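Remarks on the structure that follows.
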Amino acid sequence: MTLAYVLDGGMNDQPGAGAELYELFPGVQHTYQRIAEWTGIDVQRIFEEERQPGQEHRQGIGAIRQAAAVLGIADVLAEEYGITPAAVCGLSFGALVGATLAGAVERQDLFTLLMRLREVPPPAADNGPQAVAMLRIPYDTATDDLLADVPGVYLSADLGKVGTGQERMVLLGGYRSALQEFGAGFPAGALHVSDDHGAAFHSPLQQHISDFLEPTLEAMTFHDPRVPVHSCMERKALTTAEEIRDLFRRNPTAPVSVPHMIGGLEDGGTELGLVLGPAAFGTFQSAAFPVVHVESPDHVFEAMTAVYDFGIELPSTEAGVAQ
């Protein structure tokens, strides 16, 4: 039986994430100290700094805090208990951290990129402010048809089945005015435009991020991952350095999908998933295999128990999590 690590997207970045593990495990302390050296941000600030009103995830320390928590947990599992995955996957921002866990990207390079993200200038305001909206649709609805004649609105994320499984949740990105106009065609309250986020995540409107990061990505060295990285953009296992580079390049502008990444893990024979770090855990509970959330010290012991209860065959540490 095989084990996969599953990582959620951004914005799961509340202050304090990772602090309990930091206090308990010297290996986690070492991980955070290295991150502090790479970023110039001291450990206490990584744990405590809050996102400012109107600030996007990438602009604050939240992305650094979330990535640090995931890497610290992976290090504990590997160093203390010999637990490493046979595959990894991540949604959105989590895909970048997942590729790093798989050794396709050096950890220092990941944090260099995250620091660079903090400097991204705002998009041109010619067409008005951007936003993201949440919408439940019948499960068999084709989003291409739904949005075919809706200028300024794009599919950002397919979060998969909700409720009884007859519907799925999608996130739409676009211009706020276009999203509001589109929502007027649904029953009241069916489409909710967020007041908290002013960026059309994973849509063509984020091309300015890709353009800004391209010199940084061009300077980075990408490696073939040690274990497959299952894409959140298509149902595919990424196994080469160039596929990982493409993942990083497309991440700001391409829609992401929970069904794609979970389906890919199912195709690969995954029989237990560990959801590492801060996460909207319910997003992944529709998987055909059991999933266990690992964020606190208690969760670490639960994960260890699950690994042995399910008879998971573990790869060597060298073949799993990259240090």
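None of the values given here were measured: they were computed from a predicted structure.
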Which residue pairs pass the salt bridge (charged side-chain N to carboxylate O under 4.0 Å, His left out) test when at least one of the two sits in residues 128-150, sequence neighbours left out?
Arg136-Glu167

Pairs meeting criterion side chain to side chain donor-acceptor pair (under 3.5 Å) with involvement of residues 174-194, two or more places apart
Asn127-Tyr175

How about CE on Met134, more than 12 heavy atoms from neighbouring residues, nucleotides or ligands closer than 6.0 Å, or not?
no

Between Gln29 (side chain) and Tyr22 (backbone), is there a donor-acceptor pair under 3.5 Å?
yes

Is a donor on one side and an acceptor on the other found under 3.5 Å between the side chain of Ser203 and the backbone of Gly174?
no

Determine which pairs satisfy salt bridge (charged side-chain N to carboxylate O under 4.0 Å, His left out) with at least one residue from residues 289-300, sequence neighbours left out, and list them in order.
none

Spell out, yes or no, whether Leu114 and Phe47 are grouped together once hydrophobic residues are joined by side-chain heavy atoms under 4.5 Å, including indirect joins.
yes

Between His223 and Glu106, does any side-chain donor sit less than 3.5 Å from a side-chain acceptor?
yes

Residues Thr112, Trp38; criterion side-chain contact (heavy atoms from CB on, under 4.5 Å); working and verdict
CA-CA 7 Å; Thr112 297; Trp38 295 331; 5.9 Å; no

With distance as the sole test, does Ser257 use its side chain to make a donor-acceptor pair with the main-chain N or O of His260 at under 3.5 Å?
yes

Could you tell me whether a side-chain N or O of Thr270 sits under 3.5 Å from a main-chain N or O of Leu272, the two making a donor and an acceptor?
no

Donor-acceptor pair, Asp224 side chain versus Ala104 backbone, under 3.5 Å?
no

Any donor-acceptor pair under 3.5 Å from Arg226 side chain to Ala102 backbone:
no

With a 3.5 Å distance limit and no angle check, can you tell me whether His299 reaches the backbone of Ser296 through a side-chain donor-acceptor pair?
yes

Sort and list the pairs that fulfil salt bridge (charged side-chain N to carboxylate O under 4.0 Å, His left out) and have at least one residue in residues 237-249, not counting sequence neighbours.
Glu214-Arg249, Glu218-Arg249, Lys236-Glu243, Glu242-Arg245, Asp246-Arg250

I need the single residue from Leu205, Leu172, Leu147 that forms a side-chain contact (heavy atoms from CB on, under 4.5 Å) with Tyr154. Which is it?
Leu205

Looking at Thr39 and Ile35, would you say the former's side chain and the latter's main chain have a donor-acceptor pair under 3.5 Å?
yes

Of Leu77, Val97, Leu71, Val292, the residue whose pairing with Leu276 passes side-chain contact (heavy atoms from CB on, under 4.5 Å):
Leu77

With sequence neighbours left out, write down each residue that passes side chain to side chain contact (heavy atoms under 4.5 Å, CB included) with Pro255, or none if nothing qualifies.
Leu155

Would the distance check show the side chain of Glu271 and the main-chain N or O of Leu3 forming a donor-acceptor pair, the cut-off being under 3.5 Å?
no

Please check if any side-chain donor atom of Thr253 sits under 3.5 Å from a side-chain acceptor atom of His202, or the reverse.
no

Charged N to carboxylate O under 4.0 angstrom, Arg34 versus Asp75?
no

Could you report the tightest heavy-atom contact between Asp8 and Pro278, atom names first, then the distance?
CB-O, 4.1 Å

With sequence neighbours excluded, tell me which residues meet ring-ring contact (aromatic ring centres under 6.0 Å, His included) with Phe289.
none

Check whether any side-chain heavy atom of Leu91 sits under 4.5 Å from a side-chain heavy atom of Leu159, and report yes or no.
yes

Going by side-chain contact (heavy atoms from CB on, under 4.5 Å), Val275 matches just one of Val294, Val291, Thr283. Which one?
Val291

Check for a donor-acceptor pair, side chain of Ser231 on one end and backbone N or O of Met233 on the other, with a separation under 3.5 Å.
yes

